[in-house]
Engineer: 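Just dropping this structure here.
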Amino acid sequence: MKEYLISIFNKAAGKLPYLQSVSLNFENPKIELHGDLSCNAAILLAKQLKKKPRDIAQEIINTLETDPNIISKIEIAGPGFINFFFEPAFVAQIIKSILKGQESFGRSDAFKGKKANVEFVSANPTGPLTVGHGRNAVCGDTIANLLEWVGYKVDREYYFNNAGRQMRVLGDSVKLRYLELLGEKISFPEDYYQGDYIKDIAKNLVNEYGDKLKDEQPEGIFKQRAEKEIFNDIKKTLSSLNIIHNIFYNENSLYEEGRIKRLLEIYKEKNLSFEKDGATWLKLTQLGSEQDKVIVKSSGEPTYRLPDIAYHITKFERGYDLMVDLFGSDHNATYPDVSAGLKALGYDSNKIKVLIHQFVTIMENGEAVKMSTRKANFITLDQLISEVGSDVVRYFFNMRNITTHMNFDLSLAKKQSDENPVFYLQYAHARICSILKMVEKENLKASQENLDLLTSNEEQQLLKKLHQFRDEVFLSALFFETHRICTYLEELAAAFHKFYTFCRILGSEKKLAEARIALAEAAKIVIKNGLTILGVNAPERM
RNA sequence: GCGCCCAUAGCUCAAUUGGAUAGAGCAACAGCCUUCUAAGCUGUAGGUUAGUGGUUCGAGUCCACUUGGGCGUACCA
């Protein structure tokens, strides 16, 4: 429908040049009375043309060459909206595109030939993933899916650091637990990793090596073993959500390849850094920031900013047209420094899209649970998945705008998992599969011959919803908003359930039944494609 | 103190990026299964969009201030 309007407006723009100076915007009105699609161009043009919007609207309508078999009515309404009403028979034609496109319907090649990198999760291997990481993981993977649907070639990347202070404490923690298991009296510092998983790793070492590791350094086998086991667990957790990163980028390689050293030299050469109090500072004030920041501590160790900048340079070198970084809100202060540091070197930081998601507050028995990996009072992502299932976890995190502070009531999630909207969608899909099996037994088949019979309110509502899918995918990708897909699918499922209730297939006249089967198949394809983007299964029966 | 984010129905959240009468789910109430899956459908009730002012044809959305919350504000990441 929208494509048709765009084409006739483009044609009219030849006669009305001012149409080219406005961005054409066709909306789906909330109220049926306002038509199927609505255009506000006349209102937007009023000021520029110094004419009444309704007069401009009339002029536009007079110029449009519309096919009466496609558009049944055009109205000017309110302050100057142009409302278009479509012929039911034309609306039904969408079924043909859907059945032709199948599992590709909704994809577009808008960004064909472009490469994108989505960096997400990126948790250091100091402990299992928590529910908080779950939001990052799910949204990151879904955004990657969305980008693929609009034509990008996408890399899913995990950036990690296995050096540094956190990891040293991890090694120390494992060694202490190891000694404890050997019967030594230890005192376990409060700021060490308290979780039971540390004891499990120590136990494995005792089982394999006995007391032979007593004199080993914590930085050696203890740290290495901990990293390996924890990383394996993280990957296992992610893969149970069907999340697979194809690139793991180790911060350490930036040092090994001499990138850190080189970057420092470049900043010095360009006179963008200076020495003070034994540390090296980046002249961020000169680049528009509030204050200068340390990039190498007086101890000689770089702060996170330097490797972060070097890391993003590798992404530029790897030729990405779009780089998405997904962080929790605790990182909201770090990015501007990195961006400024990159811009100073001539990199186009507009290619980097930093998405900050707000925290997940876990509620249990009406109380907020404060979580910390160090203190080990977290709820792991694994626990959550095993309690409610991967589909619910993925849907739950996807269904909300990442800007929202999200409340996760654990007790409620377990109790009411049956009432989760994801089942509403899956049920719609299962219902369609079931009816399609049923009609096969009756020797009925989908037919595209008599789609013009699909004129009832429920059929038309469902068809119009199907028209919107491709646009929803495109806009979701453009704005990196996964929740739009959820909202759309809930509306689509609702439209289907109504159709199912009021428009029966078995028992209808044969031509009508065959057209309805085609409609049901089209709805099935779109629901399934939408769920696929979200990473949620579309079951054939429930 | 300063910076970023947030505040919408009893609860959890939407609202086509400034559009027309702010919508869903859950919870509550009243109905619908001898007929394709009742994990469904129909109806009722629920709102000064935290507050005050401003910008314009038009504001939940943009601006200013106020209130209340989250996260930062390191020579941690």
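Just so it is clear, the structure is predicted and the values come from calculations on it, not from any experiment. Chain A is the first sequence line, chain B the second, and so forth, proteins listed ahead of strands; every chain is numbered from 1. Computed over heavy atoms, backbone and side chain alike; hydrogens, waters and symmetry mates excluded.
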Engineer: With sequence neighbours left out, write down each residue that passes side-chain hydrogen bond (donor to acceptor under 3.5 Å, both in side chains) with A/Asp325, or none if nothing qualifies.
Structural biologist: A/His312, A/Lys315
Engineer: A/His405 NE2 to B/C11 P: how many Å, rounded?
Structural biologist: 18 Å
Engineer: Could you check A/Lys2 against A/Glu301 and say which one's nearest nucleotide on RNA chain B is further toward the 5' end?
Structural biologist: A/Lys2
Engineer: In whole Å, I'd like the distance from the NZ atom of A/Lys293 to the P atom of B/A77.
Structural biologist: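 Rounded to whole Å, this separation is 13 Å.
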Engineer: What stems show up for RNA chain B when you take Watson-Crick pairs (N1-N3 plus N6-O4 or O6-N4) and G-U wobbles (N1-O2, O6-N3), both under 3.5 Å, and require three or more consecutive pairs?
Structural biologist: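 Stems for RNA chain B, defined as runs of 3 or more consecutive pairs: B:1-7 with B:67-73, B:10-13 with B:23-26, B:28-32 with B:40-44, B:50-54 with B:62-66.
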Engineer: Just how far, in rounded Å, is P of B/C26 from CZ of A/Phe396?
Structural biologist: 15 Å
Engineer: Under a 4.0 Å N-O cut-off, is there an ion pair linking A/Glu59 with A/Lys51?
Structural biologist: yes
Engineer: Mapping A/Gly278 and A/His483 onto RNA chain B by nearest heavy atom, which one lands closer to the 5' end?
Structural biologist: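 Per heavy-atom nearest nucleotide, the more 5' residue is A/His483.
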Engineer: Using the six-membered base ring of B/A20, report whether A/His34 stacks on it, requiring centroids under 5.5 Å and planes under 30° apart.
Structural biologist: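 Yes, aromatic ring over the base.
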Engineer: Base, sugar-phosphate alone, or nothing: which one does A/Ala428 contact when heavy atoms must sit under 4.0 Å apart?
Structural biologist: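 If one applies the 4.0 Å heavy-atom cut-off, A/Ala428 turns out to touch nothing in the nucleic acid.
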Engineer: NA contact type, A/Ala46, heavy-atom cut-off 4.0 Å: base, sugar-phosphate, or nothing?
Structural biologist: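 Result for A/Ala46 = nothing.
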Engineer: By the 4.0 Å heavy-atom rule, please label A/Tyr424 as base, sugar-phosphate, or nothing.
Structural biologist: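 Contact class for A/Tyr424: sugar-phosphate only.
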Engineer: Using a strict threshold of under 4.0 Å (side-chain N to carboxylate O), is an ion pair present between A/Glu514 and A/Lys510?
Structural biologist: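 A/Glu514 and A/Lys510: salt-bridged.
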Engineer: How would you label the contact of A/Asp308 with the nucleic acid (heavy atoms, under 4.0 Å): base, sugar-phosphate, or nothing?
Structural biologist: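 No contact at all - A/Asp308 keeps every heavy atom at 4.0 Å or more from the nucleic acid.
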Engineer: Does the B/A20 base have a donor-acceptor partner in the side chain of A/Ser38 within less than 3.5 Å?
Structural biologist: yes
Engineer: Between the base of B/A20 and the side chain of A/Asn83, is there a donor-acceptor distance below 3.5 Å?
Structural biologist: yes
Engineer: Within the 4.0 Å heavy-atom criterion, would you say A/Thr404 contacts the bases, only the backbone, or no part of the nucleic acid?
Structural biologist: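 A/Thr404: backbone/sugar contact only, no base atoms under 4.0 Å.
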Engineer: Would you say B/U37 has OP1 or OP2 under 4.0 Å from some side-chain N or O of A/Ser434?
Structural biologist: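 Affirmative; the distance criterion is met.
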